[in-house]
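In what follows, every chain begins at residue 1, and chains take the letters A, B, ... in the order their sequences are listed.
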2 protein chains.
Amino acid sequence: MDGRILTALGNDGRRSYAEVGNEVGLSTAAVHERVKKMLERGVIRRFSISVDPDSVGLGFTAFVAIRNDGGAHCREVAPRLREMTAVQELHSVAGEYDFLAKIRTHHARELEAVLYQIKSIPGVARTTSTVVLNTEFEDQPLRPIAA
Amino acid sequence: MDGRILTALGNDGRRSYAEVGNEVGLSTAAVHERVKKMLERGVIRRFSISVDPDSVGLGFTAFVAIRNDGGAHCREVAPRLREMTAVQELHSVAGEYDFLAKIRTHHARELEAVLYQIKSIPGVARTTSTVVLNTEFEDQPLRPIAA
DNA sequence: TGTGAAATTGATCCACA
DNA sequence: TGTGGATCAATTTCACA
């Protein structure tokens, strides 16, 4: 039941609880109760809006793989990357590289500046960038009851 | 001004227009007007909720690079990937591979099934997977006025 | 956990600067 | 494009099954 509520809200977080309740067969108050509990449990992290990156000038996307050296500074790499507004996602990954970062900038030239900034972080050995030509889709709402 | 409204709403899409207006120095009605226009222009794509993937059992993430063969089926690859619920993002990229997909499944074993599905799409030549060990952060709200 | 109804708060509309 | 006030619709609370 919670899964169906998340799906209903995921597609449009503004949909009223009455409408959602109608869809899943619960009263307004019951939906409210469940949403409140999911917020408490951390299932719902926050309500948000989906902004079109192009519209705000952030039309350039790249994935940057980052390799650490073996030094003592490795623990500090992630916090430093978190401070950079261009870094929208950061994953610790298995394989040849240690991190995979999703970067969004205004244009290609700005990526160069971001890469210099990343390379200047103590502990970073090298980076490899994959430039996005076109984002087919993203923002796909999480479907809890995946097939 | 719109940028500040997006930032205020991006951190919590449920924040009231009165509160947002207070923050940016506008009346409730003015914020409402601007949000309406941003919805019309497509700057705001939709209101949504941020769901914690682990909480709904989708605790396994991987990035899969996909290489097309040169055949006639290449145009059909993206639409087919869009239909797969496990594929949360799909980017057309420059370099050795043609697509980069963000995949979310319940566990590693399920990724295997997803990979078989992807490899069975006509036009797909080969894939390379990068397994996520830990997501440091994602869901970073878009900061329109990036430094 | 659920319900329906009451109370409260917020979104939306309007006349006007 | 903005404002303040009226109206309408939503969330939130409550007594109770």
Between [N] ([atom2]) and [X] ([atom1]): distance, integer Å:
X	N	atom1	atom2	answer
A:Lys37	C:dT1	NZ	C1'	7 Å
B:Glu19	C:dT9	CD	C1'	13 Å
B:Ile5	D:dT1	CD1	P	12 Å
B:Asn22	C:dA11	CG	P	13 Å
B:Leu39	C:dT12	CG	C1'	14 Å
B:Glu33	C:dC16	CD	C1'	15 Å
A:Arg14	C:dT12	CZ	C1'	11 Å
A:Met1	C:dG2	CE	P	7 Å

Proximal nucleotide (of [options]) relative to the [X] side chain:
X	options	answer
A:Arg34	D:dG2, C:dG2, D:dT11	C:dG2
B:Thr28	D:dT12, C:dA11, D:dG2	C:dA11
B:Tyr17	D:dT11, D:dT3, C:dA11	C:dA11
B:Ala29	C:dC14, C:dA11, C:dG4	C:dC14
B:Leu26	C:dT12, D:dT13, D:dG2	D:dG2
B:His32	D:dT13, C:dC13, D:dG4	C:dC13
A:Ser16	C:dT1, D:dA10, D:dG4	D:dA10

Taking the side chain from B:Asp12 and the backbone from B:Ala8, do they hold a donor-acceptor pair closer than 3.5 Å?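 Not a single qualifying donor-acceptor pair exists.
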Can any side-chain N or O of B:Thr105 pair as donor or acceptor with the backbone N or O of B:His107 at less than 3.5 Å?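 Checked: pair present.
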Could you tell me how the ring of A:His91 sits relative to the ring of B:Phe63: parallel (under 30°), tilted (30 to 60°) or perpendicular (over 60°)?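 Perpendicular, since the angle between the ring planes exceeds 60°.
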Between A:Lys36 and D:dT11, does any side-chain N or O lie under 4.0 Å from OP1 or OP2?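 So the side-chain polar atoms of A:Lys36 never come under 4.0 Å of the phosphate oxygens OP1 or OP2 of D:dT11.
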From CA spacing to verdict: salt bridge (Lys or Arg N to Asp or Glu O under 4.0 Å), A:Glu33, A:Lys37: CA-CA 6 Å; A:Glu33 181 66 24; A:Lys37 279 186 181 158; 3.6 Å; yes
Output the distance between atom CD1 (B:Ile121) and atom CD (B:Glu83), rounded to the nearest 0.5 Å.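 Interatomic distance, B:Ile121 CD1 to B:Glu83 CD, rounded to 0.5 Å: 8.5 Å.
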